[in-house]
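The structure under discussion appears below in the form of structure tokens.
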There are 2 protein chains.
Amino acid sequence: MKSFKKMLVDKGISPSMQRIKILEYLSKNRIHPTADDVYRALVKEIPTLSKTTVYNTLKAFTNKGILTALSVFENEVRYEYEQQPHIHFKCLKCGRIYDINEKYDYLNDKYIAGHKVIEHHVNLKGICKNCLEKEKEDE
Amino acid sequence: MKSFKKMLVDKGISPSMQRIKILEYLSKNRIHPTADDVYRALVKEIPTLSKTTVYNTLKAFTNKGILTALSVFENEVRYEYEQQPHIHFKCLKCGRIYDINEKYDYLNDKYIAGHKVIEHHVNLKGICKNCLEKEKEDE
DNA sequence: AACAATTTTGTAATTATTACAAAAGAGTAA
DNA sequence: TTACTCTTTTGTAATAATTACAAAATTGTT
Ligand SMILES: [Mn+2]
Ligand SMILES: [Mn+2]
Ligand SMILES: [Zn+2]
Ligand SMILES: [Zn+2]
């Protein structure tokens, strides 16, 4: 597998230490983190890290197609490394966001009602398996 | 059709003038407005209207199932009166949000990967019909 | 009218994000 | 090495959406 440095160079982004660390974090932590999550995780290693750098870098990566930005509700953008389109499920109880890998008929790069579709997001909300089990135990 | 006042009473919400006007606005303006859109439209008629009232009312209506809240990206919540589930399409050029009424296999009230689905949102992004036509004209 | 409960209002606080300019770093020609 | 330029990072200030909260206004009831 390609190194993160090489991946950035291939996309025409100069591979600064901050950028490599941010990409590495997104790659290894598939938890759909917010910009603030990324900042809080990395500032431990890089004490001089600036939040502006995190915001700028995440936005730049997204524009280059390295990351995907999503808003599964709420007023904050979340990012993920995964590229394959997939469904997101947000638990209303514990707040976790799950990736769902069931088959799904996607519409990317097609037309619908005359509009050209470029991105396709399916966001579900409900009670996750874990929380359902906990509910049962409490009875 | 039921009056807005009756609709609120039926849901156990006392029908103040502000609440009726807000519900009426959402019902008659199917443009997925933000809280601020609602405020700016109604403050003309009700000069003393407070933004807090608008935020609180929209949230209360949503909890009662009178409105649906959606975030088709960006950092602001939008509301709509429509209850039937449908697809949303956001134009990356003009920013408009369109309702798509194509048939669609919804998952509401089902289980997926063990999780209980309560809400189902399909959000597309791309270039709308209108903007595509404008692009052609400009060539 | 007097009182209690509800609703609205206005302002302050919070949070996510962006703007912007100074500081730091990297690369390169003399 | 130094001088210069270009890029990136940093830190702070500004915006924008939303929420907290308490005072003021309204409504309904004795
Ligand atoms: Mn995902
Ligand atoms: Mn809609
Ligand atoms: Zn859960
Ligand atoms: Zn458009």
Side-chain angles (χ1 to χ4, degrees), chain A residues 4-5 7-9 11-25 32-64 66-67 69-80 90 95 97, chain B residues 4-5 8-9 11-25 31-64 66-67 69-80 90 95 97:
Chain A
F4 298 114
K5 183 181 281 193
M7 189 174 307
L8 290 175
V9 172
K11 291 278 184 177
I13 297 170
S14 72
S16 72
M17 181 264 281
Q18 288 84 340
R19 288 170 177 167
I20 291 170
K21 289 286 185 189
I22 289 171
L23 181 56
E24 184 184 10
Y25 181 81
H32 309 93
T34 63
D36 200 60
D37 291 335
V38 176
Y39 172 77
R40 289 207 311 277
L42 292 182
V43 78
K44 291 172 197 162
E45 280 186 77
I46 314 167
T48 62
L49 183 64
S50 162
K51 230 174 219 182
T52 303
T53 300
V54 175
Y55 274 100
N56 289 342
T57 303
L58 291 172
K59 184 163 281 186
F61 286 1
T62 301
N63 290 338
K64 288 281 185 178
I66 298 172
L67 298 180
L70 39 123
S71 47
V72 190
F73 262 50
E74 287 150 317
N75 47 352
E76 59 187 9
V77 178
R78 289 167 179 275
Y79 293 89
E80 70 178 342
K90 158 127 195 176
I97 294 174
Chain B
F4 298 114
K5 182 181 281 194
L8 290 175
V9 172
K11 290 278 184 176
I13 297 170
S14 71
S16 72
M17 181 262 281
Q18 289 85 339
R19 288 171 178 168
I20 291 170
K21 289 286 185 187
I22 290 172
L23 182 56
E24 184 184 9
Y25 181 81
I31 55 174
H32 309 93
T34 63
D36 200 61
D37 291 335
V38 176
Y39 172 78
R40 288 207 312 277
L42 292 182
V43 77
K44 291 172 197 161
E45 280 185 78
I46 315 168
T48 63
L49 181 65
S50 162
K51 231 173 219 183
T52 303
T53 300
V54 175
Y55 274 101
N56 289 342
T57 303
L58 291 173
K59 184 163 280 187
F61 286 1
T62 301
N63 290 338
K64 288 283 185 176
I66 297 173
L67 298 180
L70 38 124
S71 48
V72 190
F73 261 50
E74 287 151 317
N75 47 354
E76 58 187 13
V77 178
R78 290 168 178 276
Y79 293 89
E80 71 178 342
K90 157 128 196 173
I97 294 174

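In the text below, chain A, chain B and the rest are named by the order of the sequence lines, each starting its count at 1.
As judged by a 4.0 angstrom heavy-atom cut-off over every strand, Thr34(B) is placed among residues making no nucleic acid contact. Here Ser16(A) lies in heavy-atom contact (under 4.0 Å) with sugar-phosphate atoms only.
OP1 or OP2 of dT10(D) has at least one side-chain nitrogen or oxygen of Gln18(A) nearer than 4.0 Å. Between Tyr55(B) and dT19(D) there is no side-chain polar atom (N or O) within less than 4.0 angstrom of OP1 or OP2. Under 4.0 angstrom from either OP1 or OP2 of dA17(D) there lies no side-chain N or O belonging to Lys51(B).
Comparing Pro47(B) and Ile13(B) by the nucleotide of DNA chain C whose heavy atom lies nearest to each, the residue mapping closer to the 5' end is Ile13(B).
Residue Leu70(A) contributes atom CG, which lies 16 Å from atom C1' of dA16(C) at whole-angstrom precision. Following rounding to the nearest Å, Asn56(A) (CG) and dT17(C) (P) show an atom-to-atom distance of 12 Å. Atom CZ in Arg40(A) sits about 12 Å away from atom C1' in dT15(C), given to the nearest Å. Rounded to whole angstrom, the span from the CG atom of Leu49(A) across to the P atom of dA23(C) amounts to 20 Å. One can place CG of Leu42(B) at 13 Å from P of dT8(C), the figure rounded to the nearest angstrom. Atom pair Arg78(B):CZ and dT18(D):P shows a separation of 10 Å (rounding to whole Å applied). The OH atom of Tyr39(B) sits 15 Å away from the P atom of dT18(D) (whole-angstrom rounding). The nearest whole Å value for the distance from the CG atom in Asp36(A) to the C1' atom in dT14(C) is 13 Å.
Judged by atom type and distance alone, Thr52(B) does not reach the base of dT8(C) through any side-chain donor-acceptor pair under 3.5 Å.
Rounding to the nearest 0.5 Å places CZ of Arg78(B) at 5.5 Å from NZ of Lys90(B). Rounded to the nearest 0.5 angstrom, Asp37(B) CG and Ile31(B) CD1 are separated by 6.0 Å. Distance CG/Leu70(A) to CD1/Ile97(A): 6.5 Å, rounded to 0.5 Å.
Side-chain contact, Thr53(A) with Asn56(A): no donor N or O sits under 3.5 Å from an acceptor N or O.
Among the nucleotides dT19(D), dT8(C), dT8(D), the one closest to the side chain of Arg19(B) is dT8(C). Comparing dT9(C), dT17(C), dT19(D) against the side chain of Lys59(B) picks out dT19(D) as the nearest. Comparing atom distances between the Ser14(A) side chain and each of dT8(C), dA16(C), dT7(D) picks out dT7(D) as nearest. With distances taken from any side-chain atom of Val77(A) to the nucleotides dT17(C), dT9(D), dT18(D), the minimum falls on dT17(C).
Leu67(B) pairs with exactly one of Ile22(B), Leu58(B), Thr57(B) by the side chain to side chain contact (heavy atoms under 4.5 Å, CB included) rule, that one being Leu58(B).
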